[in-house]
Every structure is written in C-alpha cells, then in structure tokens.
Asks: 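Below you'll find the structure I mean.
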Amino acid sequence: MTVRTRFAPSPTGFLHIGGVRTALFNWLFAKRHGGAFILRIDDTDNIRNLETALEPILEGLQWLGITWDEGPGAEGDHGPYFQSQRADRYAAAAKCLLDTGSAYRDFATPQELDAERKEAQAAGRPFLYSRRFAAFDKETAARFETEGRRAVVRLKMPREGQLVIDDKVRGEVTFAWEREQDHVIQRADGSCLYHLATVVDDHDMEISHVIRAEEHLSNTPRQAFIAESLGYKLPTFAHLPLVAEPGSRTKLSKRKLDKYLKNRDFAQVNEHGMRIAQQIGLEPESDTFNPVIVDFYRDVGYLPWAIDNYLTLLGWSLDDHTEFFTRSQLIENFSLERVNSSPASFDPKKLWTVQDHYMQQLSTAEKFELMAPFLTKSGLISEPISNEMKDFVFQIIEASGDRLKVAGDILTYATFFLVEKLTLDPAAVAKRLSKPGTAALLQQFIEHVAVAEPFHAETLEPALKSVVETANKKVGDLIHAVRVAVTGTTVGPGLYDCLVILGREKSLERLRNALELCG
RNA sequence: GCCCCCAUCGUCUAGUGGCCUAGGACAUCGGAUUCUCAGUCCGAAAACCGGGGUUCGACUCCCCGUGGGGGUACCA
C-alpha cells in the first residue's frame with residue numbers, strides 16, 4: 001500500500017508552531033515510506049480573503065522545506081485540494097448517508113436540544129438526543145415543515161456496542177457507541193460540516209495514515225462511523241501529543257500570548273526578535289508576530305532546519321542522546337512507534353540552542369548570504385553590494401563569531417562599523433569613560449594608534465598594554481574605554497578586531513571624539 | 001456532568017521486569033578561561049504523582065485514587 005498522509009490547515013493567516021509539528025510528522029512519515037504528502041486547505045468556514053489568509057501558511061511550509069506532493073500549486077489526481085470547492089462531494093455523501101439510514105433529518109431547534117442537554121446534565125446522566133424531532137419519513141418531515149421548522153442532517157449513531165481504534169501512537173482506544181452524539185453533518189442551509197468533509201476528503205484523496213493532534217482523538221468515533229457507513233476503508237490513525245504552552249501541559253494557542261510572555265525564556269526570545277524586526281523596519285504586532293508563529297522566526301533570521309529539528313524532538317526521539325539530525329537522517333529514522341504519547345511543552349530557549357548549533361556550522365559566505373538582506377533592509381548598506389563592502393562585512397561576521405545566533409543579529413554587531421556618525425550609549429559612556437584619568441590614557445593610546453605599523457592586533461595590543469603599564473593602571477581601565485569610544489557600546493567582538501576592521505582613520509576619529517566625553 | 005487520553009529532573013526526553021546508586025540535553029547555580037558580550041571547559045543541584053496488587057525482583061505489568069489535558073457545537 002502506498003503511504004499517503006495529509007496536513008489540512010485552515011487559512012487563518014498564521015502558521016502556528018503546533019501546526020508545523022503536525023505537518024512535519026506527516027511529511028516525515030510519508031518520506032520515510034516513499035509516499036506522498038498532501039496539503040489540503042480546510043476553508044469550509046467563511047474566509048474573508050482566502051489569498052491573504054493562505055499565503056503565510058504556504059510560504060511558511062515552503063520555507064521550512066515541508067513541501068507537498070499534491071495540493072495548492074501542485075495539482076495531482078485527487079483535487080481539488082480546497083474544501084470550499086468540494087461542497088458537492090460532501091452533499092452527495094450526506095445524501096447517501098440519509099438514503100442508507102445512517103443519518104436523519106432533524107427538526108429540533110437549538111434551544112430544544114439545549115434544554116435536553118441541560119436536563120440530562122442536571123440529572124447526572126450522559127446526554128443522548130431523544131430524536132424527538134427526527135423525521136424518518138416524508139409525512140413527519142412535512143408536518144415539521146408546516147410548523148416552520150428547518151432541518152439539519154444528523155448522524156444516526158449506533159447506541160450499543162463499542163468501537164476499538166488501533167492508534168499507532170496510543171495503542172488500542174475503546175469508545176462506547178452509546179456515549180456518542182448524533183452529530184450534525186449538514187447545516188440547515190445545506191452546507192456541510194468538518195467531520196463529514198474530512199472523512200470524504202481523506203477517502204477521495206486516498207489518505208492511508210491520518211496523523212493529527214490528540215485533540216482529534218475523541219472525534220474519531222463519529223468519523224469512523226461516517227466512513228464505515230459510506231463503505232470506506234478506515235485509514236490508520238495516529239494521534240500525536242499536543243504541543244503545550246511553555247512550562248505547562250495546556251495546548252499552545254496564539255491567543256494567550258500575554259500569559260506566555262510571563263515566561264522568562266519566552267519573553268527573552270520574543271524581545272530579541274522584536275528588536276531585530278524593528279531594525280529592519282517591520283512594524284510587528286504581537287498578535288501576528290511572536291514565537292508561536294512561524295513568520296517570526298523567518299523574519300528574524302532563524303534557519304528553517306533548526307525549527308524542523310527542534311520541533312521533531314517535541315514528541316519524538318531517536319534514542320537517549322541524539323539531538324541533531326540532517327534531513328536525510330531524520331527521514332531514515334523517523335517512526336510513529338517512537339512518538340511519545342504525553343504532551344510536550346514548547347521551549348523557545350531550547351529551540352534557540354538548536355538554532356545556535358546550526359548557525360555555527362555555517363561558513364562565513366553562507367552567513368553573509370543570510371545576513372546581507374538584514375543589512376540592506378535596515379539601510380546600513382545599499383544595493384548592489386560592492387566587493388569592498390562584501391569583504392568588509394565578511395570581516396565583521398568573522399570577528400563576531402558565535403555571537404551571531406540568528407541572521408538578524410548581524411545588525412547588533414555590524415551597525416557601529418557601518419554608520420558614519422557613531423551614537424554612543426549614554427550608560428556605556430557613564431560607565432567606561434567618566435572615570436578620572438581616562439582622557440589621559442586615551443590620549444596616549446591615540447598616539448600609538450596613529451603610528452602603529454602595521455595596523456594589526458599584534459601591534460595594537462602591546463601598545464595598549466604599554467600605555468596602561470606606564471600609567472600604572474589596569475588593562476580594563478583603558479580597554480573598556482576604547483571599546484565604548486569606537487563602538488558606542490559595551491558589548492561586541494574582540495576590541496583589536498574592532499579597531500582593525502574599522503581602520504586607522506575611523507578609529508582615531510572616534511577616539512578623539514570620545515576625549516571630549518571623558519570625565 | 002459524561003467520554004477519551006496522559007503521568008520520569010523546572011522543560012524536552014532515555015528507560016519495554018534485574019544492566020537504574022534512573023542516563024542525556026536545555027534551563028539554573030558554582031568554578032576556570034577571556035578586554036566586554038558570546039563561547040568553551042570543569043563541576044553541582046535537580047525526577048520515577050500516591051496507594052494497593054502481580055513477581056524472587058518493579059520506573060517498567062494490573063487495579064484504584066489523585067493530578068493534568070483534550071473532547072463533548074448548525075467550530076476546525
């Protein structure tokens with residue numbers, strides 16, 4: 001049997017991190033078995049602007065390398081891949097269910113249903129619809145209609161026996177039919193509901209394995225009932241553990257950002273991203289730009305594979321020590337058997353470490369490719385990028401080393417090299433330049449800088465040390481002052497690297513300017 | 001309320017009855033290195049939810065409890 005899996009997002013305008021994990025596992029499983037991964041769009045809801053809502057999801061998946069064999073832009077033999085274009089299929093299925101007695105037209109009003117539900121609850125027994133307003137024949141239907149009632153189509157669920165599902169993650173799961181509701185599959189206006197649509201689509205698209213989040217486990221019986229009533233063969237099910245909030249077991253949601261921001265690690269990653277976004281002129285709004293949404297990572301300059309690799313570890317493991325995988329290693333080793341069954345909370349700090357790991361493996365040239373767009377977007381350099389500028393940025397990247405965690409970090413370390421007029425951080429000035437005697441030290445160092453030959457770390461370091469020694473001061477007294485003078489801040493690459501990259505003229509100019517700020 | 005699922009360090013996890021004095025990673029805290037930051041190295045602290053069984057022997061199997069989560073819509 002050919003393996004066919006699917007991911008069926010609804011176009012909400014965001015690609016959620018939990019959704020990506022589901023998509024990834026489906027993709028991995030399909031690739032592992034030489035099968036196909038299908039992307040289907042769950043747009044049964046009224047979507048105001050499908051294109052706008054869909055684009056971030058498609059782009060996000062592509063960016064992550066989760067490519068689909070069939071779906072939007074990759075027409076296969078099982079289309080259309082938009083649920084909104086498949087309404088006739090669902091209607092036909094509903095009719096079939098009606099014709100075979102697996103469903104019935106129901107004329108109860110929502111209020112009547114609600115009353116029954118409440119009554120059952122008050123009596124402490126499980127709710128089961130009385131089918132009081134069910135119309136199993138034309139006469140009854142006509143009578144209800146003359147009363148002005150409108151009908152929905154409900155499933156006529158079995159009321160005895162049980163269903164056993166062989167879930168690939170959880171093993172056997174048993175449900176009693178008498179606890180299942182007569183769910184609505186078609187609204188009074190004729191439109192069909194999710195559960196019907198999913199079952200029909202999975203069948204039409206020949207989905208062999210339904211791999212989805214645990215939140216759908218309880219929905220499985222009604223879907224199984226629909227499938228069996230329609231004469232479909234049941235797909236294999238695998239219910240993945242939920243991706244939970246940082247430090248909790250509750251399902252991760254993009255609606256509860258305020259809460260997550262109270263988590264220190266989450267807040268830190270968020271703030272870091274916000275800073276970069278602002279520097280490249282994005283005006284991030286926290287409900288669309290935050291660590292729960294994939295765009296956040298892309299815009300800030302994370303590596304897609306770092307996200308994939310991290311997300312894979314959320315609910316799956318190879319063994320007791322392997323954490324980093326290449327794409328092909330992962331595909332080779334992935335299996336549903338090793339998927340965990342308990343919820344996994346999303347840890348942005350661990351993602352950060354995975355990102356760091358992959359970033360440090362890149363060559364300077366590769367880093368440049370990723371980082372140059374940030375420099376141009378922020379206006380620090382202009383296009384086309386000259387060869388001189390490219391060399392210059394190469395030097396900055398090398399000097400910055402593993403301080404660059406994400407591509408956007410280049411802005412933190414390159415800015416002071418690239419601006420004409422340096423802005424000094426007042427706090428840094430207060431801390432490092434205000435100390436009495438600093439001006440004198442700087443002045444002496446300036447004299448060395450002016451003549452150091454060649455203008456290298458090997459000449460600058462002894463020069464600085466000799467100034468300090470002569471004045472009977474500590475290295476730190478001068479080195480920190482020089483750093484603030486030439487970079488405007490207290491953090492950055494090695495100081496001698498900074499001076500050399502900046503060049504003699506600029507260094508001297510900045511050192512002289514700083515003299516005036518000394519206490 | 002009812003149904004279903006889950007339960008190992010704060011977090012992700014390894015563990016499929018003896019290899020467990022419970023292993024790894026992130027985070028945390030020390031210490032070393034360095035001009036800052038980042039890093040690196042070394043070290044520390046940190047867990048089997050509780051109670052009953054089964055067994056010569058339970059983190060591992062069974063039952064009950066407790067806790068957490070999901071579902072229960074003319075949402076997906």
Side-chain angles (χ1 to χ4, degrees), chain A residues 8-10 12 42-45 83 106 109-110 113-114 117-118 120-128 150-154 165 167 169-170 173-176 178-181 183-189 191-195 197-198 213-221 239 241-242 244 246-251 263-265 310 313-323 340-347 349-354 356 360 400-405 409 412-413 428 432 461 464 474-484 487 489-496 498:
Chain A
S10 57
T12 55
D42 251 349
D43 57 346
T44 48
D45 254 2
Q83 291 196 328
D106 179 52
T109 62
L113 229 17
D114 210 45
R117 214 187 308 264
K118 290 231 171 75
Q121 215 175 92
R125 60 184 152 76
F127 168 64
L128 213 49
R150 300 227 299 158
V152 298
V153 177
R154 276 183 195 283
I165 307 258
D167 189 279
V169 170
R170 272 146 231 282
V173 184
T174 308
F175 300 89
E178 59 182 345
R179 290 289 124 85
E180 297 301 321
Q181 305 301 320
H183 287 282
V184 174
I185 52 173
Q186 189 169 28
R187 295 183 179 97
D189 68 3
S191 62
C192 290
L193 266 6
Y194 168 76
H195 295 290
T198 303
E214 198 211 296
E215 56 194 299
H216 291 285
L217 183 57
S218 302
N219 299 142
T220 309
H239 288 92
L242 249 28
S248 151
R249 305 247 145 171
T250 311
K251 181 175 142 188
N263 173 290
R264 187 176 39 120
D265 294 342
Y310 168 71
L313 261 12
L314 232 44
W316 180 87
S317 65
L318 175 62
D319 52 32
D320 63 345
H321 63 279
T322 315
E323 298 209 287
N340 230 67
S341 47
S342 49
S345 67
F346 174 65
D347 179 356
K349 210 55 197 278
K350 179 111 185 199
L351 196 178
W352 172 270
T353 344
V354 175
D356 187 21
Q360 301 330 323
S400 302
D402 48 26
R403 291 173 187 81
L404 302 167
K405 310 293 184 198
D409 283 334
T412 304
Y413 296 102
R432 299 300 192 189
E461 185 167 359
L464 185 136
K474 282 181 290 195
V475 170
D477 292 337
L478 179 53
I479 206 158
H480 296 310
V482 174
R483 173 180 296 284
V484 173
T487 71
T489 164
T490 53
V491 303
L495 180 65
Y496 304 110
C498 288

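Convention: sequence-line order gives letters A, B, ...; per-chain numbering from 1. Heavy atoms only: backbone and side chains are in, while hydrogens, waters and symmetry mates are out. Every value quoted in this text rests on a predicted model; they were computed, and no experiment measured them.
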Asks: Between B:A46 and B:U8, how far apart are the two C1' atoms, rounded to whole Å?
Replies: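 So the two C1' atoms sit 12 Å from each other.
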
Asks: Can you find a side chain N or O atom of A:Ser317 that sits less than 4.0 Å from OP1 or OP2 on B:A14?
Replies: yes

Asks: If the C1' atom of B:U66 is compared with that of B:G50, how far apart are they to the nearest Å?
Replies: 7 Å

Asks: Donor-acceptor pair under 3.5 Å: do we get one between A:Asp114's side chain and the base of B:A73?
Replies: no

Asks: Any salt bridge between A:Glu214 and A:Lys251, counting N to O under 4.0 Å?
Replies: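 No salt bridge links A:Glu214 with A:Lys251.
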
Asks: In whole angstrom, give the distance that lies between atom CD of A:Gln121 and atom C1' of B:U72.
Replies: 10 Å

Asks: What I want to check is whether an N or O donor and acceptor connect the side chain of A:Lys405 with the base of B:A38 at under 3.5 Å.
Replies: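 No, the side chain and the base share no sub-3.5 Å donor-acceptor pair.
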
Asks: Within a strict 4.5 Å, meaning less than it, do heavy atoms of the A:Leu193 and A:Arg187 side chains meet?
Replies: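 Result yes, sub-4.5 Å side-chain heavy-atom pair found.
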
Asks: Measure from the side chain of A:Arg117, starting at C-beta and using heavy atoms only, and say which of B:G69, B:A73, B:C26 lies closest.
Replies: B:A73

Asks: Suppose you measure atom C1' in B:G52 against the same atom in B:C74; what distance do you get, rounded to whole Å?
Replies: 48 Å

Asks: Going by atom types only, do A:Thr412 and A:Asp409 share a side-chain donor-acceptor pair under 3.5 Å?
Replies: no

Asks: Can you tell me how far C1' in B:C37 sits from the matching atom in B:A76, rounded to whole Å?
Replies: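 B:C37 and B:A76 have their C1' atoms separated by 46 Å.
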
Asks: Using the C1' atom on both, measure B:G23 against B:C59 and round to a whole Å.
Replies: 13 Å

Asks: Would you state whether a donor and an acceptor, one from the side chain of A:Arg179 and one from the base of B:C2, lie under 3.5 Å apart?
Replies: no

Asks: Would you mind classifying the nucleic acid contact of A:Leu193 as base, sugar-phosphate or nothing, using non-hydrogen atoms under 4.0 angstrom?
Replies: sugar-phosphate

Asks: Between B:G15 atom P and A:Asp319 atom CG, what is the distance in whole Å?
Replies: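 Going from A:Asp319 (CG) to B:G15 (P), I get 9 Å.
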
Asks: Want to settle it: does A:Thr353 or A:Gly494 sit nearer the 5' end of RNA chain B, counting the closest nucleotide to each?
Replies: A:Thr353

Asks: Please step through side-chain hydrogen bond (donor to acceptor under 3.5 Å, both in side chains) for the pair A:Arg483 and A:Thr487, ending with a clear verdict.
Replies: CA-CA 6 Å; A:Arg483 173 180 296 284; A:Thr487 71; 5.1 Å; no

Asks: Can you figure out which of B:A25, B:U36, B:A76 approaches the side chain of A:Glu323 most closely?
Replies: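 Output: B:A25.
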
Asks: Quick one: A:Leu242 CG to B:G71 P, roughly how many Å, whole number?
Replies: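 My rounded result for the distance is 8 Å.
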
Asks: I need the minimum non-hydrogen distance between A:Ser345 and A:Gly247, along with the two atoms involved.
Replies: OG-N, 3.6 Å

Asks: Just the rounded figure in Å: distance from P of B:A47 to CG of A:Asp320.
Replies: 20 Å

Asks: A:Asp356 and salt bridge (charged side-chain N to carboxylate O under 4.0 Å, His left out): which partner among A:Lys349, A:Lys405, A:Lys350?
Replies: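 Among A:Lys349, A:Lys405, A:Lys350, the one meeting salt bridge (charged side-chain N to carboxylate O under 4.0 Å, His left out) with A:Asp356 is A:Lys405.
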
Asks: Once hydrogens and angles are ignored, does a donor-acceptor distance under 3.5 Å link the base of B:G70 to the side chain of A:Ser218?
Replies: yes

Asks: What interatomic distance, in whole Å, is found between P of B:C63 and the corresponding atom of B:C5?
Replies: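 To the nearest whole Å, 11 Å.
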
Asks: In the structure shown, which nucleotide is the Watson-Crick or G-U wobble counterpart of B:U72, with both distances under 3.5 Å?
Replies: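 Looking at the geometry, B:U72 pairs with B:G1.
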
Asks: Using a 4.0 Å heavy-atom cut-off across all strands, classify A:His216 as base, sugar-phosphate, or nothing.
Replies: base

Asks: If you go through the side-chain atoms of A:His183, does one of them form a donor-acceptor pair with the base of B:A73 closer than 3.5 Å?
Replies: no

Asks: Is the base of B:C5 touched by the side chain of A:Arg170 through a donor-acceptor pair closer than 3.5 angstrom?
Replies: no

Asks: Roughly, in whole Å, what's the span from CG in A:Asn219 to P in B:A73?
Replies: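 It is 10 Å, rounded to the nearest whole Å.
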
Asks: Mind checking the C1' distance from B:A38 to B:A45? Whole angstroms is fine.
Replies: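 Taking atom C1' in both B:A38 and B:A45, they lie 25 Å apart.
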
Asks: Rounding to an integer number of Å, can you tell me how far A:His321 NE2 sits from B:C26 C1'?
Replies: 17 Å

Asks: Once hydrogens and angles are ignored, does a donor-acceptor distance under 3.5 Å link the base of B:U11 to the side chain of A:Arg249?
Replies: no

Asks: From the set B:U72, B:G69, B:A76, return the single nucleotide nearest to any side-chain atom of A:Thr250.
Replies: B:G69

Asks: For nucleotides B:G24 and B:C62, find the distance between their P atoms and express it as a whole number of Å.
Replies: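 Going atom to atom, P in each nucleotide, I get 29 Å.
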
